[in-house]
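What follows is a short report on a single structure.
The model shown is predicted, which means the values in this text are computed figures rather than measured ones. Below, chain A is the first sequence line, B the second, and so on; all start at residue 1. In what follows, every heavy atom counts, from backbone to side chain, and hydrogens, waters and symmetry copies are set aside.
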Amino acid sequence: MCWLVDGNFIYFHGMNYWLIKSEPFKYSWEQFVKDGQTFWDGVRNYAARNHLRTMKKGDLVFWYHSNEGTEIVGIAKVIKEAYQDPTTTEEAWVAVDFKPHKKLKKPVTLVQIKADKRLANMALVRLGRLSVQPVTDAEWAIVMEMAGEKP
DNA sequence: GCCAACGTTGGC
DNA sequence: GCCAACGTTGGC
């Protein structure tokens, strides 16, 4: 999120960035592309849930393969904001819908991310177990650069 | 398959 | 409200 202050004007700019983890052997990027869209459900962790709730339509989300691959492979886009998780009747939990936005030219590995001092504070490094996490504008730009993507 | 990190649960 | 025990995630 970014608030721009310009003279007498304060206006809201742009979108939030996120990262979600998917175990490719359960649900891979390739399968996601094949499906055309997916709903992200089954999250049972409050921190992750709070991030899902904050997501807005149009936000971009790094798709990270955990366990196997351990790399960011693509970008998803939020197409439906948080709603009751259909896999439970407990009201605490939500689901969010994504569609594939684009595959990264070059996947960015966890090893590369850990090796870059500028990314030392990234949640992916600091909070290893968090499955839905925010990505700052700066972190997003650095990862995109590593992926060989134009800003 | 091991284990560190961390979230959750439950006894007190 | 503390903290030990336990379960889960995820890197290696």
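In the set C/dG10, B/dG7, C/dC12, C/dG10 carries the atom at the smallest distance from any side-chain atom of A/S66. Listed candidates were B/dT8, C/dG11, C/dT9. Nearest to the side chain of A/N67 is C/dG11.
In this structure, the CZ atom of A/R129 is 17 Å from the P atom of C/dC6, given to the nearest Å. Separating the CD atom of A/E90 from the C1' atom of B/dT8 is a distance of 13 Å, rounded to the nearest angstrom. Here the C1' atom of nucleotide C/dT9 and the CD1 atom of A/I20 are 16 Å apart, to the nearest Å. For the pair A/L19 CG and C/dT9 C1', the computed distance is 15 Å after rounding to whole Å. Atom C1' of nucleotide C/dG10 and atom NZ of A/K114 are separated by 10 Å, given to the nearest angstrom. A/L127 has its CG atom 13 Å from the P atom of C/dG11, to the nearest Å. The distance from atom NE2 of A/H65 to atom C1' of C/dG11 is 16 Å, rounded to the nearest whole Å. When the C1' atom of C/dT8 is taken as reference, atom OH of A/Y46 falls 16 Å away, rounded to whole Å.
For A/Y83, the OH atom sits in a packed shell: over 12 heavy atoms of surrounding residues, nucleotides or ligands are nearer than 6.0 Å. Within a 6.0 Å sphere centred on NZ of A/K105, other residues, nucleotides and ligands contribute more than 12 heavy atoms.
Residue contacts shown for A/L110 are limited to sugar-phosphate atoms, with no base heavy atom under 4.0 Å away. In this structure, A/R44 reaches neither bases nor backbone, as no heavy-atom distance under 4.0 Å exists between it and the strands shown.
Considering only side-chain N and O atoms, A/Y64 lies under 4.0 angstrom from the phosphate OP1 or OP2 of C/dG11. OP1 or OP2 of C/dG10 has not a single side-chain nitrogen or oxygen of A/K26 nearer than 4.0 Å. Side-chain nitrogen and oxygen atoms of A/K21 include at least one within less than 4.0 Å of the OP1 or OP2 phosphate oxygen of C/dG10.
Screening A/H65, A/R129, A/Q133 for a side chain to side chain contact (heavy atoms under 4.5 Å, CB included) with A/K21, the sole residue that qualifies is A/Q133.
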Show the numbers, then the answer: is there a ring-ring contact (aromatic ring centres under 6.0 Å, His included) between A/W93 and A/Y46? CA-CA 9 Å; A/W93 309 115; A/Y46 289 105; 4.9 Å; yes

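Aromatic ring centres of A/W29 and A/Y64: separated by at least 6.0 Å.
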